[in-house]
Trainee: 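After the structure tokens below, expect a handful of questions from me.
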Amino acid sequence: MEKQARIRTIQLYQKRWMPLHVSVVIAVGLSFALLVMNEFQTGYGIAFLAALVVLIYLEWRESRFMQRLTAEPSVQKFIRRAQRCLAVRSHRVLPVI
């Protein structure tokens with residue numbers, strides 16, 4: 001697959017799944033805020049963990065999709081690492097004041 005075709009494929013994937021991804025990130029943030037504001041009640045903790053699991057699954061799915069675009073094992077290994085680092089950096093939840 002040539003470079004432009006890969007870029008188009010990635011853009012199409014991101015356009016398709018971005019609304020769900022943004023919704024899950026918002027759900028993680030809201031559930032975390034509710035968890036903290038309600039003194040760590042169990043129900044909010046379960047909601048937070050469920051939203052976090054869904055977010056991790058979406059990140060894993062995107063990483064697998066990106067890995068399938070190339071046959072080079074060293075690049076696939078780099079994609080796995082880059083996705084993990086990106087996930088840690090881009091999904092920080094700020095406390096509600």
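Everything numeric here is computed off the predicted structure, so don't read it as measured data.
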Trainee: Which heavy atom of R6 sits nearest a heavy atom of L69, and at what distance?
Mentor: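 Between these two residues, the closest heavy atoms are CD-O, 3.7 Å.
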Trainee: Are V53 and V25 in one and the same hydrophobic cluster, where Ile, Leu, Val, Met, Phe, Trp and Tyr link if side-chain heavy atoms are under 4.5 Å apart?
Mentor: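 V53 and V25: separate clusters.
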Trainee: Find out if a path of hydrophobic residues (ILVMFWY) with successive side-chain heavy-atom gaps under 4.5 Å connects L49 to M37.
Mentor: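 L49 and M37: one cluster.
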Trainee: Indicate the atoms forming the closest heavy-atom contact of F65 with I10, along with that distance.
Mentor: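 Between these two residues, the closest heavy atoms are CE2-CA, 4.3 Å.
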Trainee: Check T9 against A5 and note the closest heavy-atom contact, atom names and distance.
Mentor: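 Nearest heavy atoms, T9 then A5: OG1-O, 2.7 Å.
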Trainee: Should L12 and M18 be counted in the same cluster of Ile, Leu, Val, Met, Phe, Trp and Tyr side chains packed under 4.5 Å apart?
Mentor: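 No, L12 and M18 fall in different hydrophobic clusters.
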Trainee: Could you walk me through whether F32 and L52 pass the side chain to side chain contact (heavy atoms under 4.5 Å, CB included) test, one step at a time?
Mentor: CA-CA 10 Å; F32 179 75; L52 205 55; over 6 Å; no
Trainee: Distance check, rounded to the nearest 0.5 Å: H21 atom NE2 versus E59 atom CD?
Mentor: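 The NE2 atom of H21 sits 4.0 Å away from the CD atom of E59.
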Trainee: Side-chain heavy atoms nearer than 4.5 Å, only ILVMFWY residues, links allowed to pass through others: does that put I46 and L30 together?
Mentor: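 Different clusters: I46 never reaches L30 through Ile, Leu, Val, Met, Phe, Trp or Tyr contacts under 4.5 Å.
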Trainee: Any idea which heavy atoms bring Q41 and L35 closest together, and the distance?
Mentor: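 Of all heavy-atom pairs spanning Q41 and L35, the closest is O-CD1, 3.6 Å.
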Trainee: Please evaluate residues R61 and Y13 with respect to the criterion side chain to side chain contact (heavy atoms under 4.5 Å, CB included), reporting the C-alpha separation (whole Å), side-chain torsions for both, the decisive distance (0.1 Å), and the verdict.
Mentor: CA-CA 11 Å; R61 183 178 175 165; Y13 180 88; 3.7 Å; yes
